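Below: the structure, in structure tokens.
Convention: sequence-line order gives letters A, B, ...; per-chain numbering from 1. Because the structure is predicted, anything quoted here is derived from the model rather than measured.
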There are 4 protein chains.
Amino acid sequence: MEVGFLGLGIMGKAMAMNLLSNGFKVTVWNRTLSKCEELVEHGASVGETPAAVVKKCKYTIAMLSDPPAAISVVFGNDGVLEQMCDGKGYIDMSTVDADTSSKISKAITEVGGRFLEAPVSGSKKPAEDGQLIILAAGEKALYEEMLTAFSVLGKKDFFLGEVGNGAKMKLIVNMIMGSTMNAFSEGLALAGRTGLSPETLIDVLGLGAVGNPMIMMKGPTMLKSNYSPAFPLKHQQKDMRLALALGEENALAMPVAAAANEAFIRAKSLGLGDQDFSAVYEAVKAEGLKQ
Amino acid sequence: MEVGFLGLGIMGKAMAMNLLSNGFKVTVWNRTLSKCEELVEHGASVGETPAAVVKKCKYTIAMLSDPPAAISVVFGNDGVLEQMCDGKGYIDMSTVDADTSSKISKAITEVGGRFLEAPVSGSKKPAEDGQLIILAAGEKALYEEMLTAFSVLGKKDFFLGEVGNGAKMKLIVNMIMGSTMNAFSEGLALAGRTGLSPETLIDVLGLGAVGNPMIMMKGPTMLKSNYSPAFPLKHQQKDMRLALALGEENALAMPVAAAANEAFIRAKSLGLGDQDFSAVYEAVKAEGLKQ
Amino acid sequence: MEVGFLGLGIMGKAMAMNLLSNGFKVTVWNRTLSKCEELVEHGASVGETPAAVVKKCKYTIAMLSDPPAAISVVFGNDGVLEQMCDGKGYIDMSTVDADTSSKISKAITEVGGRFLEAPVSGSKKPAEDGQLIILAAGEKALYEEMLTAFSVLGKKDFFLGEVGNGAKMKLIVNMIMGSTMNAFSEGLALAGRTGLSPETLIDVLGLGAVGNPMIMMKGPTMLKSNYSPAFPLKHQQKDMRLALALGEENALAMPVAAAANEAFIRAKSLGLGDQDFSAVYEAVKAEGLKQ
Amino acid sequence: MEVGFLGLGIMGKAMAMNLLSNGFKVTVWNRTLSKCEELVEHGASVGETPAAVVKKCKYTIAMLSDPPAAISVVFGNDGVLEQMCDGKGYIDMSTVDADTSSKISKAITEVGGRFLEAPVSGSKKPAEDGQLIILAAGEKALYEEMLTAFSVLGKKDFFLGEVGNGAKMKLIVNMIMGSTMNAFSEGLALAGRTGLSPETLIDVLGLGAVGNPMIMMKGPTMLKSNYSPAFPLKHQQKDMRLALALGEENALAMPVAAAANEAFIRAKSLGLGDQDFSAVYEAVKAEGLKQ
């Protein structure tokens, strides 16, 4: 199978490499073209521009850093739209909001192209190991044609229906994560206040029904006040706000998420916005330290 | 090693059987003595009364149904106290509150006895498989002498310090569980409202950082509105209240747990108190159904 | 003093009448010109278009129904901007958001005009009686020149600084109102649940430190489930959301307002969005009625 | 009319004086008997013990400092119970909890006496001016016989039904007060954060529907960080907790009060428990000051 691949950042490079080593013919492009060299050594071809890649390939996958980059690659000079046409497929695996995704989808399909959004859950290591979780939405037939590629890139993929649903699913998962982080932080702080060992609480949780990878991974670093950002607190808070807005649109009251959102805002007011989202623990426990 | 064992309910019987099959000499007692027969077939001796068991054994383990039963076995006629004396150890593995545990501890130690509270996490199956989690607190030396027995009964044990800490640790774990259940329920309801598949949300969660056994086990039954009670909602709400009171005593604000507690109270007002605690999902999602 | 007056709805008509009866020379305009007749009988002149009014008068007051109307009167054909110029003042007393107000302000001042936003608190009766509360912001000198008019229209006026502050002040007042309504509703519901008379609670509150006009006016109608909309619940909820967003921008956690907002959202899900905002009482108390 | 009066603290002395100057014959008792002198100068008789007062008078009013004092005067040596008998009435106007009130009621009525609880709202000044608010509950006929006295002591009285209802009514009023104080504090803090004048916000509120005596009286002192305790924050928080417990018993979710309660707990953790309850404002606004 032959695919184009736009964007060779940490994630994109790992993914393209996986495709190559599984027998795919891959034509790559990156804003900084020199980043293509390592891929070429492993058998990739290079496209000079996004348009050139789309012209050459029936399927083009994009893995860009953020919504502006995703927009620019499609609508800019020498962009995807210039060569998009009947029968060609565009699969955007970048993490973008539902509006950005819809805008790209509309432009692609208006010129006869086919579109799939497919944001992933997982970071560098799962990307290298082909263990991503793929949240696809858009054209069902295109999704099915991409299954061979998805099975190389991820351990599991989902087809979620219409464009925008991939973004919404990520938002809901992140909301649950933010509320759960607060639940855990309050418990951890209460253990500390009552003279129990927070480390032991983590151990006990790990053996029972509420233990999860987040608690087992973040718990020990939280106890060391190590908040090196894997997912910045300000982004977590923004996702809480967007999820609450989604609830409001659908007249769904979510009082626990609302309380968690205010805790993240309090953490931001303490200057923790650029730290890892687990730093909300400081906002929970530090309240007794001020006098 | 020789131990007494008081209480042969679902949990106690499984635990006593485990001790027998691992070479312990066990003298059992149960309020309904006929329940001892099966154990006798596997080699157990029988004590006519709690006092008789204590008289015979250096170590006596109790696994009673609730605080009144735990109190009665110690303080009642022919009770533990009548034969408790210097050097004998009493290990109460029943789930009781910190106050009950302290009362028993005081009485035992005043007559020269040694005391350990050791509530467990886990139900019938883990009890049979020797896979309980044991939260011990009280006399450290007695804890160490009991490790051989604990290694047969549980997959993991913890020593948590002074009497009462076992009960507190369980309370904190349950508080985190209650808040997490609300976080999950809100996400599940939001998925439903926005046209995403709640089943898929559970699958996605199961593959990621917030997935945990509670979500994977309860999620599918919640979607079927099956709330056959493993842990009744009214008990979960009571534990939330007790944990919030513990926070108040220690001047720790826990706004997320407070919001979760109110959600459980709302669920109780909908007549769901005797259902499983996961029935809070009905209170979260049903709000749009009334008109 | 001579002023132009744009917009003769319920509020505007009462205000223009007040100005006339206090000796002001007033040139009025209304989208439906026939509405000007009553004012003419009392001595008003008529302008054919907003532009014509501005051309004739040094000061023009606007009292339009909503942001689109406020925008249209300024930017539309024969609109205010066509005749706005050096030295002329435009005083917008319509209730609009900060963004709309800023947009109008920018356009007016770019062509040399002077601008004041002056939303009011109070409805028909206070408008007729000259008892409005005026929240002015923008050009200080223009504010001072308008004091004669404001003293006729209102019982009290405030100058709040830069454009947008009038809108923000209204938002904060409404947020406090929304949270207070929830506080009151919960108390009212608790009285009912515990067998106390909610009517008596209102009487007791009215005699004490937390009694206020809202409680005394809305309380009795709430007990009759009469929610004829003075201020629709969906608008109250929108203002809560906007106030919470303002808090988020400024890193201020407001957990009580967040909980109140979710209660209004729950009320919306019960189909109460178009009722008076006091209908949140139904969402608070009705929870026990479903079984 | 002749009445006994037990307790001549700040409140009791003012109330007894009012009765005297309105033509009542009053027999007073106080733990420190010398405090009776001033009353004697104005025409009062003195009883040596509570029992002596009850023996002499058909109606005895008590105004003690707290629940233990109220209990002691009734059950202690030479206490009320020793002379209580058929036809005599005991009116306890002390502020006590529902349980204490019920205990006293039971003891009085068991010996044939008649009982009324009648806690008051209002402090020193209203007591002196006969402007208290009286929340009576218990025997209706006794209430009616006391109306002449109540009309001298208060500006308004209420009969609330069975014993305990007076205490409950006070609790609900205090809960509304606590939530409202939080609503106001969040608004005040938001005004400050967004560059609006908090003083002006208070002025605007005072002119509108949510203005109340609490805001107008406490607002200005809060802005000066003056929290000289009229009603200590820790007592306010305790009342919030008791009101939430009352809600829980009646399966009424009160999420706004729950959020307010957590804010008071946070304020306690900042060392503000002995300050006025309005000091919760510090907990709300100070969150941005730590960095």
Quiz item: Which bit of Lys155(A) comes within less than 4.5 Å of chain B, counting heavy atoms only: side chain, backbone, both or neither?
Solution: side chain
Quiz item: Under a 4.5 Å heavy-atom cutoff, which of Ala137(A), Ala189(A), Ala183(A), Ser179(A) has the most pairs with chain B?
Solution: Ala183(A)
Quiz item: Side chain, backbone, both or neither: which part of Ala263(A) has a heavy atom under 4.5 Å from chain B?
Solution: neither
Quiz item: Looking at Asp203(B) and Lys156(A), does any basic side-chain N land under 4.0 Å from a carboxylate oxygen?
Solution: no
Quiz item: Any side-chain heavy atom of Asn174(B) within less than 4.5 Å of one from Phe231(B)?
Solution: yes
Quiz item: With a cut-off of under 6.0 Å to the ring centre and 45° to the axis, is Lys285(A) in cation-pi contact with Tyr281(A)?
Solution: yes
Exercise. Can you tell which part of Leu171(A) gets under 4.5 Å to a heavy atom of chain B, answering side chain, backbone, both or neither?
Key: neither
Quiz item: Under 3.5 Å, is there a donor-acceptor pair between the Asp97(B) and Thr100(B) side chains?
Solution: yes
Quiz item: Gly247(B), Pro213(B), Gly208(B): which one forms the most heavy-atom pairs within less than 4.5 Å of chain A?
Solution: Pro213(B)
Self-check item: Region of Met175(B) that comes under 4.5 Å of a non-hydrogen atom in chain A
Solution: side chain
Exercise. Go through the atoms of Ile133(A) and report whether side chain, backbone, both or neither lie under 4.5 Å from a heavy atom of chain B.
Key: side chain
Exercise. Please state whether the side chain, the backbone, both or neither of Ser121(A) comes within less than 4.5 Å of a heavy atom of chain B.
Key: neither
Quiz prompt | Between Glu186(A), Met214(A), Gln131(A), Met181(A), the one whose heavy-atom pairs under 4.5 Å with chain B are most numerous | solution = Glu186(A)
Quiz prompt | Most chain B-contacting option - heavy-atom pairs closer than 4.5 Å, from Ile215(A), Leu160(A), Thr194(A) | solution = Thr194(A)
Exercise. Verify the distance criterion only: is there a donor paired with an acceptor across the side chains of Glu282(B) and Ser225(B) at less than 3.5 Å?
Key: yes
Quiz item: Thinking salt bridges, do Lys125(B) and Asp129(B) make one under a 4.0 Å N-O criterion?
Solution: yes
Practice problem: Mind running side chain to side chain contact (heavy atoms under 4.5 Å, CB included) on Met15(A) and Leu132(A) for me, showing each step along the way? | Solution: CA-CA 10 Å; Met15(A) 292 160 75; Leu132(A) 296 168; 4.1 Å; yes
Self-check item: Glu128(B) side chain to Asn18(B) side chain, donor-acceptor N/O pair below 3.5 angstrom
Solution: no
Quiz item: Would you say Phe115(A) and Leu142(A) make side-chain contact, with heavy atoms under 4.5 Å?
Solution: no
Exercise. Among the options Asn165(B), Ile176(B), Leu246(B), pick out the one with the most heavy-atom pairs lying under 4.5 Å from chain A.
Key: Ile176(B)
Quiz prompt | Region of Leu196(A) that comes under 4.5 Å of a non-hydrogen atom in chain B | solution = side chain
Quiz prompt | Heavy-atom contact with chain B under 4.5 Å, split by part of Leu205(A) | solution = side chain
Quiz prompt | Best-contacting candidate, Met169(A), Met177(A), Glu262(A), against chain B by heavy atom pairs under 4.5 angstrom | solution = Met169(A)
Practice problem: Verify the distance criterion only: is there a donor paired with an acceptor across the side chains of Ser228(A) and Asn226(A) at less than 3.5 Å? | Solution: no
Quiz item: Any idea which of Gly211(A), Ala260(A), Gly195(A), Gly161(A) has the most non-hydrogen atom pairs under 4.5 angstrom with chain B?
Solution: Gly211(A)
Quiz item: What option among Leu207(A), Thr180(A), Val173(A), Asn182(A) has the most heavy-atom pairs under 4.5 Å with chain B?
Solution: Leu207(A)
